[in-house]
S.K.: 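Would you mind keeping the following structure in view while I ask a few things?
Worth knowing before you read on, the calculation uses all heavy atoms, side chains too, and leaves out hydrogens, waters and symmetry mates.
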Amino acid sequence: MDEDPFATFAAALSAATRPEQPFAALHRLTVQTVGARLFTVTTVEDHGRLARRSYSSHPQEYPVSGTKIVEPSRWNEIVLDQRQSFVANSLAEIAEVFPDHALIGSLGLGSVINMPVILKGQICTTLNLLDVAGYYTLARVAFVTGHLTLPTMAAQLAHDALRAA
């Protein structure tokens, strides 16, 4: 019998010694449980005005980098203001809110879930999953928002603790 992916995640989190390892463990958990061809974690700073990519499964196309200003958009209203997940299942929907839609399409991707993660009453992170068009069905969205919230919080806390050490 295969090992429980959540148990594997917990073990990897406990063994983490470098700041990127908690998010790498979360990436593996996400791929094993719901699927994602592109996986990034974005840290939200300055009350949602700045974003910093903290982890990327595709560092060439989406490098971990410094902060960028978050421009007002429908995405901000959904994720940052309403604290709901943003879901798009076509490249056309993605193009409405992401200026890098051409790059997303060039990677063969056409659907996205951006899930806000709230710690101490503030959005600290967004979990960003991308896959082929139409991939993020209602069942997959429900799984992500229902089962990956606590692991994402744990990964964020572990990441922050390792960065501070």
S.K.: To the closest 0.5 Å, what do you measure between CZ (Arg140) and OH (Tyr135)?
M.R.: 3.5 Å
S.K.: Give the cluster check for Ile123 versus Leu50: same hydrophobic cluster or not, with ILVMFWY residues linked at side-chain heavy-atom distances below 4.5 Å.
M.R.: no
S.K.: Using the six-membered ring of Tyr62, assess whether NZ or CZ of Arg53 lies under 6.0 Å from its centre and within 45 degrees of the ring axis.
M.R.: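 Not flagged: Arg53 not positioned over aromatic ring of Tyr62.
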S.K.: Give a yes or no on whether the backbone of Val132 and the side-chain of Ser111 come within a donor-acceptor separation of less than 3.5 Å.
M.R.: yes
S.K.: Quick check: do Thr126 and Trp75 have side-chain heavy atoms less than 4.5 Å from each other?
M.R.: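 Yes, at least one pair of side-chain atoms sits under 4.5 Å.
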S.K.: Run the side-chain donor-acceptor check on residues 158-165: report pairs under 3.5 Å with partners two or more places apart or on a different chain.
M.R.:
| residue | atom | partner | partner atom | Å |
| --- | --- | --- | --- | --- |
| His159 | ND1 | Pro19 | O | 2.8 |
| Asp160 | OD1 | Gln156 | NE2 | 2.8 |
| Asp160 | OD2 | Gln156 | NE2 | 3.2 |

S.K.: Is there a donor-acceptor pair closer than 3.5 Å between any side-chain N or O of Glu93 and the backbone N or O of Ser90?
M.R.: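 Yes; judged by distance alone, with no hydrogens or angles, the pair exists.
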S.K.: Would you give the length of the straight line joining atom CG of Asn114 to atom CD of Gln84, rounded to the nearest 0.5 angstrom?
M.R.: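 Asn114 CG to Gln84 CD: 13.0 Å, rounded to 0.5 Å.
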S.K.: I'd like to know if Leu80 and Ile78 are part of one continuous hydrophobic network [Ile/Leu/Val/Met/Phe/Trp/Tyr, side-chain heavy atoms within less than 4.5 Å].
M.R.: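 They do share one cluster, since a chain of ILVMFWY contacts under 4.5 Å joins Ile78 to Leu80.
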S.K.: At what distance, to the nearest 0.5 angstrom, does OH of Tyr55 lie from CD of Gln21?
M.R.: 10.5 Å
S.K.: Which heavy atom of Pro151 sits nearest to which heavy atom of Phe6, and what is that distance?
M.R.: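 Nearest heavy atoms, Pro151 then Phe6: CG-CE2, 4.0 Å.
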S.K.: One pair to check against side chain to side chain contact (heavy atoms under 4.5 Å, CB included): Leu103 and Glu61. What are the steps and the verdict?
M.R.: CA-CA 8 Å; Leu103 176 56; Glu61 296 88 357; 4.2 Å; yes
S.K.: Under a 4.5 Å side-chain heavy-atom rule over Ile, Leu, Val, Met, Phe, Trp and Tyr, are Leu119 and Val44 clustered together?
M.R.: no
S.K.: Quick one: which of Val31, Leu127, Asp131 gives a side chain to side chain contact (heavy atoms under 4.5 Å, CB included) with Phe39?
M.R.: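 Exactly one candidate clears the test, Leu127.
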S.K.: Any chance you could lay out the side-chain hydrogen bond (donor to acceptor under 3.5 Å, both in side chains) test for Thr43 and Ser54, step after step, and finish with the verdict?
M.R.: CA-CA 6 Å; Thr43 302; Ser54 300; 2.4 Å; yes
S.K.: Do Leu148 and Val34 have side chains that approach each other closer than 4.5 Å (heavy atoms only, starting at C-beta)?
M.R.: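 Side-chain contact under 4.5 Å: yes.
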S.K.: Show, in sequence, the C-alpha distance, side-chain angles and deciding distance for Phe86 and Ile113, and conclude whether the side chain to side chain contact (heavy atoms under 4.5 Å, CB included) test is met.
M.R.: CA-CA 6 Å; Phe86 173 81; Ile113 299 174; over 6 Å; no
S.K.: Report yes or no: do Ile94 and Val144 belong to one cluster of Ile/Leu/Val/Met/Phe/Trp/Tyr joined by side chain heavy-atom distances under 4.5 Å?
M.R.: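 The answer is no; the residues belong to distinct hydrophobic clusters.
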S.K.: Would you check if Val141 and Thr137 make a side-chain contact, meaning some heavy-atom pair closer than 4.5 Å?
M.R.: no
S.K.: Strictly under 6.0 Å, is that where the ring centroids of Phe143 and His147 end up?
M.R.: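 That pair passes the under 6.0 Å test.
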S.K.: When rounded to the nearest 0.5 angstrom, what distance separates CD in Gln60 from CG in Leu107?
M.R.: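 If we round to the nearest 0.5 Å, Gln60:CD and Leu107:CG are 11.5 Å apart.
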S.K.: Rounded to the nearest 0.5 Å, how far apart are CZ of Phe23 and CZ of Arg28?
M.R.: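 One gets 13.0 Å once the value is rounded to the nearest 0.5 Å.
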S.K.: For residues Asn128 and Thr42, is any side-chain donor paired with an opposing acceptor at under 3.5 Å?
M.R.: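 A pair is found: one side chain offers a donor N or O, the other an acceptor, under 3.5 Å apart.
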S.K.: Would Val117 end up clustered with Leu29 when hydrophobic side chains under 4.5 Å apart are linked, directly or stepwise?
M.R.: yes
S.K.: So do Leu129 and Leu38 actually touch side chain to side chain, heavy atoms under 4.5 Å?
M.R.: no
S.K.: Checking side-chain polar atoms at under 3.5 Å, does Thr40 have a donor or acceptor matched by the opposite partner on Ser56?
M.R.: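 There is no such pair (donor and acceptor under 3.5 Å, judged by atom type) between the side chains of Thr40 and Ser56.
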S.K.: Please round to the nearest 0.5 Å and tell me the distance separating atom CZ of Arg83 and atom CD of Gln122.
M.R.: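 Rounded to the nearest 0.5 Å, the CZ-CD separation comes to 6.0 Å.
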